[in-house]
Amino acid sequence: MKLNKNLVLIGMMGSGKSSIGKILSKKLEFEFIDTDSKIEEIEKKTISEIFKKNGEKYFRNIEEVISLKSLKLNNKVIALGGGGYINPTIRKYTLKKCISVWLDWKNETLINRIKNSKKRPLAMKMNNLELQKLIIKRSTMYNLSDYKINCDKLNKKQIVEKIINLYENS
Ligand code: S3P
């Protein structure tokens, strides 16, 4: 099989990395890897349970191991967790070996999507202002990715088409 670079989706919680990633993987006929789901599978706990029982530091360590392991494969569509790309080792590897796409949305869209999510332990303890600050801080890192898609005015199909186009022409 031809060895193709991984297509890596990055962005905040609620940016649609998993749902867009699944569609992309079918179109490209690549396997889809959601690093959060992989972590839950291996740990046999939800992300929330891991944060609660083992703490964020423990989660970040497994996140690094699982993300790097996934990034070292080929022909995958990979959805990194919202904090994954903030880790310099994960970010550097992604930039060196993969094609990365940032799913960018207006802050208020993201805040509305994530503020009540029970699946997202980090967001649960933050108010809107704190979430906004986190989005702004992380955006400087997300901005280092190969491509950025402004998703607000696009539907899912258009987002997918844009990404396929970028990937195939890169
Ligand atoms: C996190 C995002 C989550 C998950 C964890 C921490 C973050 O993934 O990895 O709750 O730090 O932004 P999603 O971006 O898939 O929600």
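Since this is a predicted model, take the numbers as computed values, not measurements. Order of listing sets the numbers, starting from 1, for every ligand and every atom in it.
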Counterpart residues, ring pair (Phe, Tyr, Trp, His ring centres under 6.0 Å), relative to Tyr142 (two or more places apart):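 Residues passing ring pair (Phe, Tyr, Trp, His ring centres under 6.0 Å) with Tyr142: Trp102.
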Glu56 and Arg60 ion-paired at < 4.0 Å: yes
ring-ring contact (aromatic ring centres under 6.0 Å, His included) contacts touching residues 68-100 (sequence neighbours left out): none
Table of N or O contacts for ligand 1, cutoff 3.5 Å:
from, atom 1, to, atom 2, distance (Å)
ligand 1, 8 (O), Asp36, OD2, 2.6
ligand 1, 9 (O), Asp36, OD1, 2.8
ligand 1, 9 (O), Asp36, OD2, 3.1
ligand 1, 11 (O), Arg60, NH2, 2.7
ligand 1, 11 (O), Arg138, NH2, 2.8
ligand 1, 12 (O), Gly83, N, 3.4
ligand 1, 12 (O), Arg138, NH1, 2.6
ligand 1, 12 (O), Arg138, NH2, 3.4
ligand 1, 14 (O), Lys17, NZ, 2.5
ligand 1, 14 (O), Gly82, N, 2.8
ligand 1, 15 (O), Asp36, OD2, 3.1
ligand 1, 16 (O), Arg120, NE, 2.8
ligand 1, 16 (O), Arg120, NH2, 3.4

Atom pair SG (Cys98) and CG (Asn4), whose distance is rounded to the nearest 0.5 Å: 12.0 Å
NZ/Lys45: more than 12 non-hydrogen atoms of other groups inside 6.0 Å: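 Result for NZ/Lys45: enclosed.
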Salt bridge (charged side-chain N to carboxylate O under 4.0 Å, His left out) involving Lys76 - partner list, sequence neighbours excluded: Glu31
